[in-house]
Amino acid sequence: MTPSSCSQTTAAAGCLDLATVSDIISHQHWSRLKVLAGITSAAAAAQLLHLLLDSPHADPPTVRRLFRWSESHFHSSHPLPLHCRLLHSLAAAKLYSDLRSELHSLAKSGRHSAPSILHSLSISSDTRRRGASLSVIADMLVLALVKNSRTESALEAFYRAGDYRCRLSILSCNPLLNSLIKEGRIENVEKVYKEMIRRRIAPNLITFNTVINGLCKAGKLRRAGDVVEDMKSWGLSPSVITYNTLIDGYCKKGQAGKMYKADALLREMVSAKIHPNVVTFNTLIDGYCKDGNTSAAMRFLEEMNRQELSPNVVTYNSLINGLCSEGKVDGALGLLKEMEDSNAMPNVVTFNGIVLGFCKKGMLAEAKGLLDDMLERNLAPSVITFNTLIDGYCRSGLMEGATGLKRLMLGSGIRPNVPTYNCLISGFCRNGDMSSATKLLDEMEENSVKADLITYNVLISALCREQKTAKAVKLLDEMQEISLQPSHVTYNTLIDGLCKKGNLRAALNIRARMEKGGKHANVVTYNILIKYFSGRGKMDEANKLLNEMLEKGLVPNRVTYDIIKEEMVERGYIPDIDGHLCNDAA
DNA sequence: CTAGGGTTAG
């Protein structure tokens, strides 16, 4: 049975039958292909590819080999419809690893949008079982886009796939959800999750854990709890990962009493016979440390040892950071020693914590000594090590030392980043050395390090301190030009600067801009304005503002109390021993 | 394929 005659192969394959051509391709005799079959252009290759795809005898790997060779040989990419025919033929032959790698390069190239790929696939002439094969291809396409960090396109492909009645799987949907979380796009996580259920793509344990994680990261703890109920209704039980995720959510995003809730979750998991693991303890230890309760954290360390769960480097790092932020560097050094005697070897994060501890106490020689220790131990310092030290030097007013450290970091092959510049600029500003600060801004520009919110806040506060409020307002304009969202700090700093200069009208104007920018006046904003009026003896105005803030549900704080003490006492406010403000009437 | 640790303003 001869596959084809000369007349069928025509100009594209010269006067060879497709079996011979296939043979030449599978042996990669490309020069013979050019000479004998006349494949001397991308167009000729494309024509031959179509012939091979039409023929029931050419096998897909051979087609793919010719496709790849001709694209690289003629330095041009084939049209999308041809590419789609290749994808269909690979899918029909169930050559999934070839299909995956084709889709990977298609996703990587970024030449085509997700909708155009799906459209082209849907009208491709190939395969009788197009529906099933389209689903597999679309599923792999979404995955390939996710893996190539093209999350937006992956999301688009996810939605379009539904229009073509493709059945996607959790193999692509779970990674998509994860990428959306990593990019902080929680709204989309919820939408994709709901759409999955609508399309009857059965979520599995990992899907639920992922969605719960996204909601926790966004601080939507109640919604996360709802999803736990969802998973139960699907017959799935929360796992240790589910609990750890929820505990971390409460530790990082919970309101007052959050550690109590985290602890309640721990008890709940234990009574559900789910054993806490190292991550559970690490999460709780970090939570208690961040809550300023290192003694509770240390008790959990002891509990770990009792349960024969070995603390690891993460456990110790949380504790060391907690102790250092409370000024207990000695305790941190004790733990460092304990680490060295155990299997948890200190890493760069460990050292960064202790460097910060020393810096906070102004022990710069010790901090710098640790950097030298790291270099001696062949433990590479990171940009954060240098930033921490540089900030320490800046806060002690040692700007030459800080600049020297910047040179040292460059010598170690680490490039300064935004925080590096922010620390230095803030240091120079504190010293009133605006010209050095400005030079650094130019240097950032040269190195294409983009100024961020903190850079602007530092500069605005420095200009306000020097009463150069017009320049400060200009910086606010500039932020909006480059669509950098100003924060409460930005506005409050400006309002404070303008009030101090006696320019109330301008301050109120900034307040109006603040509301327009979607940021509502907070306690700090009111404190600034109340201070302005009470400082001028305008107690009526000050009282009006106090009422206004109460109406908005804002809670006055110790600063408010100190500004208008008499009025606050009259209203029943009393500061407690910790400096917090209480109201016995409330 | 899902969970935990480090720097900069105020």
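Worth knowing before you read on, the calculation uses all heavy atoms, side chains too, and leaves out hydrogens, waters and symmetry mates. These figures come from a predicted structure and were not determined experimentally. Here is how names work: the chains are called A, B, and so on, in the same order as the sequence lines, proteins then strands, and each is numbered from 1.
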* To do: Could you check which of B:dA9, B:dT8, B:dC1 has an atom nearest any side-chain atom of A:N178?
  => B:dC1
* Asked: Sequence neighbours excluded, which residues qualify as side chain to side chain donor-acceptor pair (under 3.5 Å) partners of A:E195?
  -> A:R198, A:R199
* Quick one: label A:K147 by what it contacts on the DNA or RNA (base, sugar-phosphate, nothing), any heavy atom closer than 4.0 Å. => nothing
* Structure fact -> Of the candidates B:dG6, B:dT8, B:dT2, the side chain of A:T210 sits closest to B:dT2
* To do: With heavy atoms under 4.0 Å as the rule, sort A:V278 into base, sugar-phosphate or nothing.
  => base
* Asked: Contact class for A:S239 (heavy atom, under 4.0 Å): base, sugar-phosphate, or nothing?
  -> nothing
* **Shortest side-chain distance from A:N387, nucleotide among B:dA9, B:dT8, B:dT7** => B:dT7
* To do: Just compare B:dG6, B:dA3, B:dT8 and give me whichever is closest to any side-chain atom of A:K290.
  => B:dG6
* Structure fact -> From CE of A:M196 across to P of B:dC1 the rounded distance in Å is 16 Å
* Asked: Can you find a side chain N or O atom of A:K182 that sits less than 4.0 Å from OP1 or OP2 on B:dC1?
  -> no
* Aromatic plane relationship, A:Y288 with A:F300 - under 30° parallel, 30 to 60° tilted, over 60° perpendicular -> parallel
* Structure fact -> With the side chain defined as heavy atoms from C-beta on, A:T388 is closest, among B:dT7, B:dG6, B:dA9, to B:dT7
* Structure fact -> Which of B:dA3, B:dG6, B:dT8 is nearest the side chain of A:N277? It is B:dA3
* Asked: Atom CE of A:M399 and atom C1' of B:dT8: how far apart are they, to the nearest Å?
  -> 13 Å
* Base, sugar-phosphate alone, or nothing: which one does A:V458 contact when heavy atoms must sit under 4.0 Å apart? -> sugar-phosphate
* To do: Give me the residues of residues 299-308 of chain A where at least one heavy atom lies under 4.0 Å from an atom of DNA chain B, by number, or none.
  => none
* To do: Evaluate the side-chain proximity of A:Y193 to A:E190: yes if any heavy-atom separation is below 4.5 Å, no if none is.
  => no
* Asked: Which ones in residues 212-228 of chain A lie close to DNA chain B, meaning a heavy atom under 4.0 Å from one of its atoms?
  -> A:N213, A:K217
* When you look at CG of A:D372, are more than 12 heavy atoms from neighbouring residues, nucleotides or ligands closer to it than 6.0 Å? -> yes
* To do: Please work out if A:V524 contacts a base, only the sugar-phosphate, or nothing of the nucleic acid, heavy-atom cut-off 4.0 Å.
  => nothing
* Which part of the nucleic acid does A:N417 contact within heavy-atom distance under 4.0 Å: base, sugar-phosphate only, or nothing? -> nothing
* Structure fact -> Per atom distances to the A:N204 side chain, the nearest of B:dA9, B:dT8, B:dC1 is B:dC1
* To do: Write down the atom of A:L143, the atom of A:P175, and the distance for their closest heavy-atom approach.
  => CD1-CG, 3.7 Å
* Given atom CE of A:M409 and atom P of B:dT7, what is their separation to the nearest angstrom? -> 15 Å
* Whole Å only: how far is the CD1 atom of A:I247 from the P atom of B:dA3? -> 15 Å
Compile the donor-acceptor pairs under 3.5 Å between side chains in residues 405-416 of chain A and protein atoms, sequence neighbours left out, one pair per line.
from	atom 1	to	atom 2	distance (Å)
A:K406	NZ	A:E443	OE1	3.1
A:K406	NZ	A:E443	OE2	2.7
A:S412	OG	A:L408	O	2.8

* Assign A:N174 to base, sugar-phosphate, or nothing according to its heavy-atom contacts below 4.0 angstrom with the strands shown. => base
* Structure fact -> Picking from B:dT7, B:dA3, B:dG6, the nucleotide nearest the side-chain atoms of A:P419 would be B:dT7
* When all nucleic acid strands are considered with a 4.0 Å heavy-atom cut-off, which category describes A:N312: base, sugar-phosphate, or nothing? -> base
* Answer with yes or no whether the side chains of A:N417 and A:N387 bring together a donor and an acceptor at under 3.5 Å. => yes
* Asked: More than 12 non-hydrogen atoms from neighbouring residues, nucleotides or ligands closer than 6.0 Å to CZ on A:R267, yes or no?
  -> yes
* To do: Check each residue of residues 436-448 of chain A for a non-hydrogen atom within less than 4.0 Å of any atom in DNA chain B, then write out the ones that pass by number, or none.
  => none
* **Base B:dG10 to side chain A:T493, donor-acceptor N/O within 3.5 Å cut-off** => no
* **Atom NZ of A:K261: over 12 foreign heavy atoms under 6.0 Å** => no
* Asked: Atom CG of A:N457 and atom P of B:dG10: how far apart are they, to the nearest Å?
  -> 8 Å
* Nearest listed nucleotide, side chain of A:I384, among B:dT2, B:dG6, B:dG10 -> B:dG6
* Asked: Just by modelled atom types, is the A:Q480 backbone N or O under 3.5 Å from a matching donor or acceptor in the A:S483 side chain?
  -> no
* Grab the CG-P distance between A:L475 and B:dA9 for me, whole Å please. => 18 Å
* Asked: Base, sugar-phosphate alone, or nothing: which one does A:V355 contact when heavy atoms must sit under 4.0 Å apart?
  -> nothing
* Near A:Q307 CD, under 6.0 Å, is it more than 12 heavy atoms from other residues, nucleotides or ligands? -> yes
* To do: Ignoring hydrogens and angles, state whether a donor on the side chain of A:N204 or A:N174 is under 3.5 Å from an acceptor on the partner side chain.
  => yes
* **Gap between atoms CG and C1', on A:N522 and B:dG10 respectively (whole Å)** => 11 Å
* Structure fact -> Side-chain contact check for A:T385: nearest option of B:dG10, B:dG6, B:dA3 is B:dG6
* Separation of atom CG in A:N422 from atom P in B:dG10, rounded to whole Å -> 11 Å
* Write out all pairs satisfying ring-ring contact (aromatic ring centres under 6.0 Å, His included) with one or both partners inside residues 378-404 of chain A, taking only residues at least two apart or from two chains. => none
* Look at the side chain of A:R511 and the backbone N and O of A:A521, then say whether any donor-acceptor pair between them is shorter than 3.5 Å. => no
